[in-house]
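One structure is given below, encoded as structure tokens.
Chain identifiers are assigned alphabetically (A, B, ...) following the order of the sequence lines, protein sequences preceding nucleic acid strands; residue numbering begins at 1 within each chain.
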Amino acid sequence: MSVRTRFAPSPTGYLHIGGARTALFNWLYARKHGGRFILRIEDTDRERSTTESVNVILEAMVWLGLDYDEGPIYQSERFPRYREVIQQLLDEGKAYHCYCTKEELDEMRQSQMTRKEKPRYDGRCRHRQEPREGVNPVVRFKNPTDGTVVVEDLVRGRVVFQNQELDDLIIARSDGTPTYNLTVVVDDLDMKMTHVIRGDDHLNNTPRQINIMRALGGEPPAYAHVPMILGEDGARLSKRHGAVSVLEYRDQGYLPEALLNYLVRLGWAHGDQEVFTIDEMIEWFDIKDVNKSASTFNPAKLLWLNHHYIMHSDPLHVAHYLRWHLGELGVDPENGGPDPVEVVKAQRERCKTLREMAENSLFFYRDFDHYDEKAAKKNLKLAALEPLRKLYQQFQAIETWQPDALHQVVQETAESLDMKLGKVAQPLRVALSGCAVSPPIDVTLHLLGRDKVLERLAFAIEYIEKNSDSP
RNA sequence: GUCCCCAUCGUCUAGUCGGCCUAGGACACAGCCCUUUCAAGGCUGCGACACGGGUUCGAAUCCCGUUGGGGACGCCA
């Protein structure tokens with residue numbers, strides 16, 4: 001039987017880090033086994049589901065490169081099918097109408113809590129014959145009252161649940177719409193899923209779902225419950241831990257492969273290897289090797305991986321993303337300035353994100369409106385006047401505008417003035433970039449081009465002359 | 001509270017059937033080297049088997065308990 005996995009988010013917000021990892025694991029497993037990966041949108045809760053969220057999730061999937069073979073399948077379009085199944089269960093006596101009011105249920109739970117019991121529906125409507133006036137009933141599944149349900153989980157191992165612990169869950173709301181535990185079962189069966197890989201938080205739902213599947217005469221798929229991702233305080237990862245949305249990471253300048261690489265190593269390892277190409281992940285990933293324990297999201301390591309990918313990927317590839325970020329900052333490299341590929345080569349060691357690279361490379365594409373205060377104070381002072389003037393002349397005269405030759409000019413200028421190289425290069429750097437940090441000075445000169453260099457040097461010389469009170 | 005799950009450096013983890021573990025790697029952190037800025041790079045250091053009982057010639061690895069953490073207990077998914 002060929003492998004079929006799915007990612008089934010509910011569109012009530014963005015695609016978050018945890019969801020992305022679940023999607024990745026499902027995707028990897030399907031790809032590894034030559035199976036199919038299905039995207040299903042669980043939008044049965046029409047109150048909370050939005051098309052906006054659907055779009056954001058789809059956008060994130062595309063950005064991550066997690067392509068799906070089927071879908072997106074919308075549960076909201078399958079209501080007739082769910083209704084049919086609910087009716088079938090009703091007809092077969094495997095489900096029943098419940099007329100309990102919310103107040104009644106609240107009261108029941110309250111008293112169970114005070115008796116230190118697990119709050120659960122006591123099945124009081126199981127044998128009700130007559131409808132109750134003025135109450136639209138929900139439909140409840142008649143869960144077995146004794147025996148056990150065994151989940152042979154691919155990551156947890158064998159987990160046994162007592163049916164006594166389970167109650168008769170609602171499978172249709174009073175307005176007739178189906179609930180999660182019903183739709184997920186119907187779909188996993190209808191769509192012939194072979195492996196359900198999902199978050200740990202669903203482990204407790206699994207025995208209920210298996211019971212419904214059996215009532216429907218279906219065979220449950222293999223389950224794999226992957227551990228949760230926690231925030232640095234040990235609580236479940238959420239917004240208050242900082243960025244949790246996949247698209248937020250895109251916007252902050254992360255490469256999708258870096259995020260994927262980080263995520264695959266959360267709860268899974270292949271010896272001591274830290275960096276994986278997608279092909280390596282597909283080759284070595286196995287759901288059976290996933291850890292049981294929850295892991296803490298570590299932004300610093302993600303950042304390191306991102307930087308690693310920026311430094312070691314093909315500059316052409318990285319430049320593609322840099323262009324996007326430059327665009328976000330209102331710069332179109334097509335309108336002049338250095339080729340972004342060259343900027344990547346010049347900047348990659350010192351920029352951990354593409355956003356940072358774009359910001360720190362802005363001076364190549366447009367004039368800055370002021371110097372960094374500290375940098376100017378330290379470097380653009382009287383002592384820099386002579387070297388800068390001399391450099392101006394040299395740059396005017398030089399024939400080949402290439403890094404080697406430019407480096408030589410700076411070097412010789414320093415020597416001729418009997419100054420250390422830094423004393424010449426650093427003021428020059430501030431004059432050109434506006435701040436104290438830039439790529440090596442020869443590379444910066446080369447990328448900026450002679451015209452801009454002369455223009456900014458002239459401006460800096462003038463600036464020093466005007467502010468020459470300080471020694 | 002009840003049920004379920006989990007437990008190796010601060011973090012992610014390696015740890016094949018218990019002996020090769022005086023517990024390895026990576027991130028972070030500290031120091032040194034390199035250096036025209038910032039980086040990158042190189043080297044060194046810091047640092048863990050939660051605790052208590054067993055089983056065994058021998059346990060991070062198996063069993064039990066304790067403690068700690070997480071999850072579930074919705075007409076949410």
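Here the side chain of A:D201 is nearest to one of B:A40, B:G71, B:C75, namely B:G71. Comparing B:G70, B:A39, B:U36 by their nearest atom to the side chain of A:H307 picks out B:A39. Distances were taken from every side-chain heavy atom of A:M311 (C-beta onward) to each of B:A77, B:G41, B:U36; the shortest belongs to B:G41. For A:L105, counting side-chain heavy atoms from C-beta on, the closest listed nucleotide (B:U37, B:C75, B:A77) is B:C75. Here B:A77 is the nucleotide among B:A77, B:A40, B:C4 with the atom lying nearest to any side-chain atom of A:R48. Checked against B:U37, B:C38, B:C76, the side chain of A:P440 finds its nearest nucleotide in B:U37.
When the C1' atom is used for both B:U13 and B:A23, the distance is 13 Å, rounded to whole Å. Comparing the same atom, P, in B:A40 and in B:A77 gives a spacing of 47 Å after rounding to whole Å. Comparing B:G53 with B:U11, their C1' atoms are spaced 31 Å from each other, to the whole Å. Comparing B:C12 with B:A72, their C1' atoms are spaced 26 Å from each other, to the whole Å. For the P atoms, the distance from B:C63 to B:U16 is 15 Å, rounded to whole Å. Straight-line distance between the C1' atoms of B:A28 and B:G10: roughly 8 Å, to the nearest whole Å. For the P atom pair drawn from B:G31 and B:G15, the interatomic distance equals 34 Å after rounding to whole Å. Distance check on atom P: B:C6 versus B:U61 gives 16 Å, rounded to whole Å.
Between the CD atom of A:Q273 and the C1' atom of B:C27 there is a distance of 16 Å, given to the nearest Å. Between the NZ atom of A:K420 and the C1' atom of B:U35 there is a distance of 11 Å, rounded to whole Å. Nucleotide B:U2 holds its P atom 15 Å from the CG atom of A:N204, rounded to whole Å. The distance from atom CD of A:Q347 to atom P of B:U37 is 16 Å, rounded to the nearest whole Å. Nucleotide B:C75 holds its C1' atom 13 Å from the CG atom of A:N181, rounded to whole Å. At whole-Å resolution of the value, CD1 in A:I310 and P in B:A40 are 12 Å apart. Rounding to whole angstrom units, CG of residue A:N205 and P of B:C5 are separated by 15 Å. The distance from atom CD of A:E232 to atom C1' of B:G70 is 17 Å, rounded to the nearest whole Å.
Proximity of A:T114 to the phosphate of B:G1: no side-chain N or O atom is located under 4.0 Å from OP1 or OP2. Taking 4.0 angstrom as the limit, A:R109 places a side-chain polar atom (N or O) nearer than this to OP1 or OP2 of B:G74. Checking the phosphate oxygens (OP1, OP2) of B:A72, a side-chain nitrogen or oxygen of A:R236 falls inside 4.0 Å.
Judged purely by distance below 3.5 Å, without hydrogens or angles, the side chains of A:E84 and A:Q88 never pair a donor atom with an acceptor atom. Looking at A:T444 and A:S438, their side chains do bring a donor and an acceptor atom within 3.5 Å of each other. Between A:Q209 and A:N181, the side chains place a donor N or O and an acceptor N or O closer than 3.5 Å (distance only, hydrogens not considered). For the residue pair A:T183/A:R81, the side-chain donor-acceptor check at 3.5 Å is not satisfied.
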Sub-3.5 Å pairs of nitrogen or oxygen atoms, protein against nucleotides 7-13 of chain B:
residue, atom, partner, partner atom, Å
B:C12, OP1, A:T296, N, 2.8
B:C12, OP1, A:T296, OG1, 3.3
B:C12, O2', A:R265, O, 2.9
B:U13, OP1, A:G267, N, 2.2

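If you check every strand for non-hydrogen atoms under 4.0 Å, A:V138 touches a base. Residue contacts shown for A:K378 are absent, as no nucleic acid heavy atom lies under 4.0 Å away. Within 4.0 Å (heavy atoms only), A:K116 reaches sugar-phosphate atoms of the nucleic acid but no base atom. Residue A:P227 is out of contact with every strand shown, counting any heavy-atom pair closer than 4.0 Å. Residue-level contact check: A:L203 touches the backbone only, with heavy atoms under 4.0 Å from sugar-phosphate atoms and none from bases. Within the 4.0 angstrom heavy-atom criterion, only backbone atoms of the sugar-phosphate kind lie near A:T44; the bases stay farther away.
Listed by first and then second residue, the salt bridge (Lys or Arg N to Asp or Glu O under 4.0 Å) pairs that reach into residues 136-154 of chain A are A:E152-A:R158, sequence neighbours excluded.
The shortest distance between side-chain heavy atoms of A:V56 and A:L15 does not fall below 4.5 Å. Side-chain contact between A:W268 and A:L24 is absent, with no heavy atoms from C-beta onward closer than 4.5 Å. With contacts defined as side-chain heavy-atom distances shorter than 4.5 Å, the pair A:V186/A:P178 does not qualify. Side-chain contact between A:I210 and A:Y223: present, with at least one pair of heavy atoms (C-beta onward) separated by less than 4.5 Å.
If you check distances only, the side chain of A:R120 never reaches the base of B:U2 with a donor-acceptor pair under 3.5 Å. Counting atom types as modelled, A:R173 pairs no side-chain N or O with a base atom of B:C75 as donor and acceptor under 3.5 Å. Taking only distance into account, the side chain of A:R156 never meets the base of B:C5 through a donor-acceptor pair shorter than 3.5 Å. Within 3.5 Å, no donor on the side chain of A:T179 pairs with an acceptor on the base of B:C75, nor the reverse.
Both A:H312 and A:H270 sit near RNA chain B, but only A:H270 has its closest nucleotide nearer the 5' end.
Aromatic ring pairs are classed by plane angle as parallel below 30°, tilted from 30° to 60° and perpendicular above 60°; the pair A:W304 and A:H308 is tilted.
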